[in-house]
Every structure is written in C-alpha cells, then in structure tokens.
Amino acid sequence: MTNAIKYAFPGGRSGMIVVQAKRSGPGRVEVIVRDNGVGMTNYREGSLGYGLVRSLVKQIGGEIEIQGDAGVTVTICFSDASRFPPPGGREVAEE
C-alpha cells in the first residue's frame, strides 16, 4: 500500500487504491492491494521493499503475485491462522 501511495500517482495525479481481504477457499486467505495508477513495467527483484514483503510472505507459507500492466495489483495468499495451533500448543479453554 505504501508503494501505491508513493509511486502510483506522480505529479498530483489522482486515482484509487483498493485493499481487499477474503477467503479464497477452505483454510485460505487472499489479500489484494490494487491501484489504477501509472503501473510498472518491472519490479526490482533486489529492492529492499520487495525483498521484505517476499520474506514476510515466505514466513507465513504464502505466495505472492504481482501484475503491473494496468495499474498494479499485488495478491498474497496464505493459510488461515485457525489452521495453526495456539502458541504453546495448548487448546484455548472456552468459558
């Protein structure tokens, strides 16, 4: 989202940024950040921002896809947190 704010609308250009989260299937979550800005012809594989996002997505066992033809769309898919045991491996007691 930060990159969309910083780079999608140069020179005072206006536009829209949409952030969406949804269940994409049983036990799966999909987060999409989309803008209708100037787009990007390529992303820098070695850039700090992309490397950080890629590393965080990897930590949660997710996948990332970037499309930059008409604006930019970043889609991140990962497992729902309810599929993992709580910290310490204990069940949470219901009251």
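It should be emphasised that the depicted structure is a prediction, and the values quoted were computed from it without experimental measurement.
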Peer 1: If I take atom NZ from residue Lys58 and atom CG from residue Leu56, how far apart are they, to the nearest 0.5 angstrom?
Peer 2: 12.0 Å
Peer 1: Test of understanding: clusters of I, L, V, M, F, W, Y form through side-chain heavy atoms closer than 4.5 Å, transitively. Do Val38 and Met40 belong to the same one?
Peer 2: no
Peer 1: Do Val74 and Ile17 sit in one hydrophobic cluster, given that two such residues count as connected whenever their side-chain heavy atoms are within less than 4.5 Å of each other, even indirectly?
Peer 2: no
Peer 1: Strictly distance-based, threshold 3.5 Å: is any side-chain N or O of Asp35 a donor or acceptor partner for the main-chain N or O of Val72?
Peer 2: yes
Peer 1: List the residues meeting side chain to side chain contact (heavy atoms under 4.5 Å, CB included) with Asn3, not counting sequence neighbours, and say none if there are none.
Peer 2: Tyr7
Peer 1: Which value, rounded to the nearest 0.5 Å, describes the distance between Cys77 atom SG and Ile32 atom CD1?
Peer 2: 7.5 Å
Peer 1: Among Val19, Thr73, Ile76, find the residue that satisfies the side chain to side chain contact (heavy atoms under 4.5 Å, CB included) test when tested with Val33.
Peer 2: Val19
Peer 1: Would you find a donor on one side and an acceptor on the other, under 3.5 Å apart, between the side chain of Asn36 and the backbone of Met16?
Peer 2: yes
Peer 1: Kindly compute the distance separating CD1 (Ile64) from CZ (Arg54), expressed to the nearest 0.5 Å.
Peer 2: 9.0 Å
Peer 1: For Glu63, enumerate each residue passing the side-chain hydrogen bond (donor to acceptor under 3.5 Å, both in side chains) test, keeping only those at least two apart in sequence or located in another chain.
Peer 2: none
Peer 1: Using the salt bridge (Lys or Arg N to Asp or Glu O under 4.0 Å) criterion, which residues pair with Lys22? Sequence neighbours excluded.
Peer 2: Glu30
